[in-house]
Amino acid sequence: MAILFGGLYGFQTFKEIMIRRAIGALANPPQTVSTAVAANAPWQSSLSAVGSLRAVNGADLALQVAGIVQSIEFSSGDSVTAGQTLLALVATDDLAKLRSLQATAENYAIVLKRDEEQIKFNAVSQATVDSDRANLKNAQALVEQQKALLEQKTLKAPFSGRLGIRAVDLGQYLSAGTSIVTLQSLDPIYVDFYLPQQALASIRIGQDVSVAVDAFPAERFTGQITAINAKVDSSSRNVQVRATLRNGEARLLPGMFAKVEIAVGKPEQVVTLPLTAIVNNSYGDLVYLVDDLHDGQGTARQMFVKTRPPKGDRVAVNDGIKPGETVVIAGQLKLRNGSPVKIDNSHVPQAEAAPNIVDQ
């Protein structure tokens, strides 16, 4: 004797109800997801920016006069000191002219000395002595002028640093302003970056910064803020900031792209999650919690959250999650409120606040 049940589909037998439930379970099977348990962890708020490395002193060296290269007294990549001679142009004509002018000046000096002796006996006039003195001064000025012109044909290091790759050769004719070699002072080195004007309340001179560069992904270089620009850019509303880094091994080079992080405020205890747990939609950020967890299975539930800027692979949650709740961190694409889930955490990567990426 069949027992009839009334409901959505009219009167049914128990067998029909079980069949419909089985069909419904097949239509909405449990989705396999990975999860993590929300927990309190120390969290240091920070400001992030991108910038460029810049030498304290850096210049592409050139001469202000033209000529033929007579000697090169450096090699590419050399470390040099201020005032060290690097290159000289052919200066035979200029040197000969200097000697001629020096001889003329010496002759005027002799004439002046003789007339100064003779004026004691009224053998010459005072006007003659005055003319001799003017001639000597003019001759000496011409000598100094020629020395300056001769000096312009010699290239000297304006400051200590490391040279780049030589761009000229012996015997080559150089026009005025031709770049010969770059000279960069590498220790210390600057990193210049921009922050929004709101960050001015959080930064100060002497504040520590952490810098990462793509060339050394597993390392962090530390320095201090040494300058904050005196004005905010009116078009972007950003302010330029400069930090100084020690660079004794000269591994950091001018022009490198840098990622800068500045710790602000004091460390706090907040709820943190892997960044992959956050799902973005038009209504805001949300996560999926797992309720009624039993034997690795449960039910998904949406929860909107308020987060802080992420750090590495992790994000801090200000509101919406409590410590100890189970949060889906992978497999959310097919989930909705009430979806059954099956938990598989066998291939979950570790989420780090400051991951180091090392090339294999």
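Counting heavy atoms from C-beta on, the side chains of Leu87 and Ser71 never come closer than 4.5 Å. Looking only at side-chain heavy atoms (C-beta outward), Phe257 and Val213 stay at 4.5 Å or farther from each other. Side chains of Gln332 and Val279 form a contact here, defined as non-hydrogen atoms less than 4.5 Å apart. In this structure the side chain of Leu155 never reaches within 4.5 angstrom of the side chain of Thr85, judged on heavy atoms. Contact annotation: the side chain of Ile203 approaches that of Leu195 to within less than 4.5 Å [non-hydrogen atoms, C-beta and beyond]. Side-chain contact between Val33 and Leu335: present, with at least one pair of heavy atoms (C-beta onward) separated by less than 4.5 Å.
Cation-pi geometry between Arg242 and Tyr190 is satisfied (NZ or CZ under 6.0 Å from the ring centre, within 45° of the ring normal). In this structure, Arg301 fails the cation-pi test against Tyr288, since its NZ or CZ atom is not both closer than 6.0 Å to the six-membered ring centre and inside 45 degrees of the ring normal.
Closest of all the heavy-atom pairs between Arg251 and Glu219 is NH2-OE1, 2.7 Å. The shortest non-hydrogen separation linking Gly51 to Phe193 is CA-CB, 3.9 Å. Contact detail for Val143 and Ala105: the closest heavy-atom pair is CG2-CB, 4.2 Å.
Using a 3.5 Å distance cut-off with no hydrogens or angles, the side chains of Thr244 and Thr226 do pair a donor with an acceptor. Looking only at atom types and distance, the side chain of Ser339 has no donor-acceptor partner in the side chain of Gln31 under 3.5 Å away. A donor atom on one side chain and an acceptor atom on the other are not found under 3.5 Å apart for Ser131 and Thr128. One side chain, Gln184 or Thr182, offers a donor N or O that lies under 3.5 Å from an acceptor on the other.
Arg162 contributes atom CZ, which lies 11.0 Å from atom CG of Leu183 (distance to the nearest 0.5 angstrom). One finds the OG atom of Ser100 at 11.5 Å from the CG atom of Leu95 (value rounded to the nearest 0.5 Å). Between the OG1 atom of Thr35 and the NZ atom of Lys342 there is a distance of 13.5 Å, given to the nearest 0.5 Å. Taken from NZ in Lys147 to CG in Leu142, the straight-line distance is 12.5 Å, to the nearest 0.5 Å.
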Requested in this report: Evaluate side chain to side chain contact (heavy atoms under 4.5 Å, CB included) for Thr222 paired with Asp208, printing each intermediate quantity in order.
Outcome: CA-CA 7 Å; Thr222 58; Asp208 291 339; over 6 Å; no

Report task. Output, in order, the C-alpha distance, side-chain angles, deciding distance and verdict of salt bridge (charged side-chain N to carboxylate O under 4.0 Å, His left out) for Asp94 and Lys153. Result -> CA-CA 9 Å; Asp94 296 283; Lys153 292 202 170 183; 2.9 Å; yes

Requested in this report: Decide yes or no on salt bridge (charged side-chain N to carboxylate O under 4.0 Å, His left out) for Glu261 and Arg220, but give the supporting numbers first.
Outcome: CA-CA 10 Å; Glu261 186 170 333; Arg220 295 294 182 272; over 6 Å; no

Requested in this report: Please lay out, stage by stage, how Asn238 and Gln197 fare under the test side chain to side chain contact (heavy atoms under 4.5 Å, CB included).
Outcome: CA-CA 5 Å; Asn238 291 334; Gln197 63 180 7; over 6 Å; no

Report task. In sequence, state the C-alpha distance, the side-chain angles, and the governing distance for Val287 and Leu289, and then conclude on side chain to side chain contact (heavy atoms under 4.5 Å, CB included). Result -> CA-CA 6 Å; Val287 299; Leu289 304 178; 4.2 Å; yes

Query raised in the report: Can Asn280 and Ile278 be said to form a side chain to side chain contact (heavy atoms under 4.5 Å, CB included), step by step?
Result: CA-CA 6 Å; Asn280 305 108; Ile278 306 300; 4.1 Å; yes

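Heavy atoms of other residues, nucleotides or ligands lying less than 6.0 angstrom from CZ of Phe159 number more than 12. The number of heavy-atom neighbours closer than 6.0 Å to CG of Asp93, taken from other residues, nucleotides and ligands shown, is 12 or below.
Residue pairs meeting the side chain to side chain donor-acceptor pair (under 3.5 Å) criterion with at least one partner in residues 133-145, sequence neighbours excluded, are Glu116-Arg133.
With respect to Arg246 and Asp187, a salt bridge is recorded, a charged nitrogen being found less than 4.0 Å from a carboxylate O.
Under a hydrophobic clustering in which Ile, Leu, Val, Met, Phe, Trp and Tyr are joined whenever their side-chain heavy atoms come within less than 4.5 Å, directly or via other members, Leu200 and Val241 fall into the same cluster. Cluster annotation: Val90 and Val65 are assigned to distinct hydrophobic clusters (Ile/Leu/Val/Met/Phe/Trp/Tyr, side-chain heavy-atom contacts under 4.5 Å, transitive). In this structure, Leu293 is not a member of the same hydrophobic cluster as Val327, with clusters built from ILVMFWY side-chain heavy atoms closer than 4.5 Å. Criterion: ILVMFWY side-chain heavy atoms under 4.5 Å apart, direct or through other members. Under it, Ile165 and Val69 are not part of a common hydrophobic cluster. Put simply, Leu273 and Val290 are part of two different groups of oily side chains (I, L, V, M, F, W, Y) that touch within less than 4.5 Å, one to the next.
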Hey, can you pull the donor-acceptor pairs under 3.5 Å for the side chains in residues 263-272, sequence neighbours left out?
{"from": "Glu268", "atom 1": "OE1", "to": "Arg308", "atom 2": "NH2", "distance (Å)": "3.4"}
{"from": "Glu268", "atom 1": "OE2", "to": "Arg308", "atom 2": "NH1", "distance (Å)": "3.0"}
{"from": "Thr272", "atom 1": "OG1", "to": "Arg314", "atom 2": "NH2", "distance (Å)": "3.2"}

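With sequence neighbours excluded, the residues satisfying side-chain contact (heavy atoms from CB on, under 4.5 Å) with Ser34 are Ile329, Ala330, Asn345, Val348.
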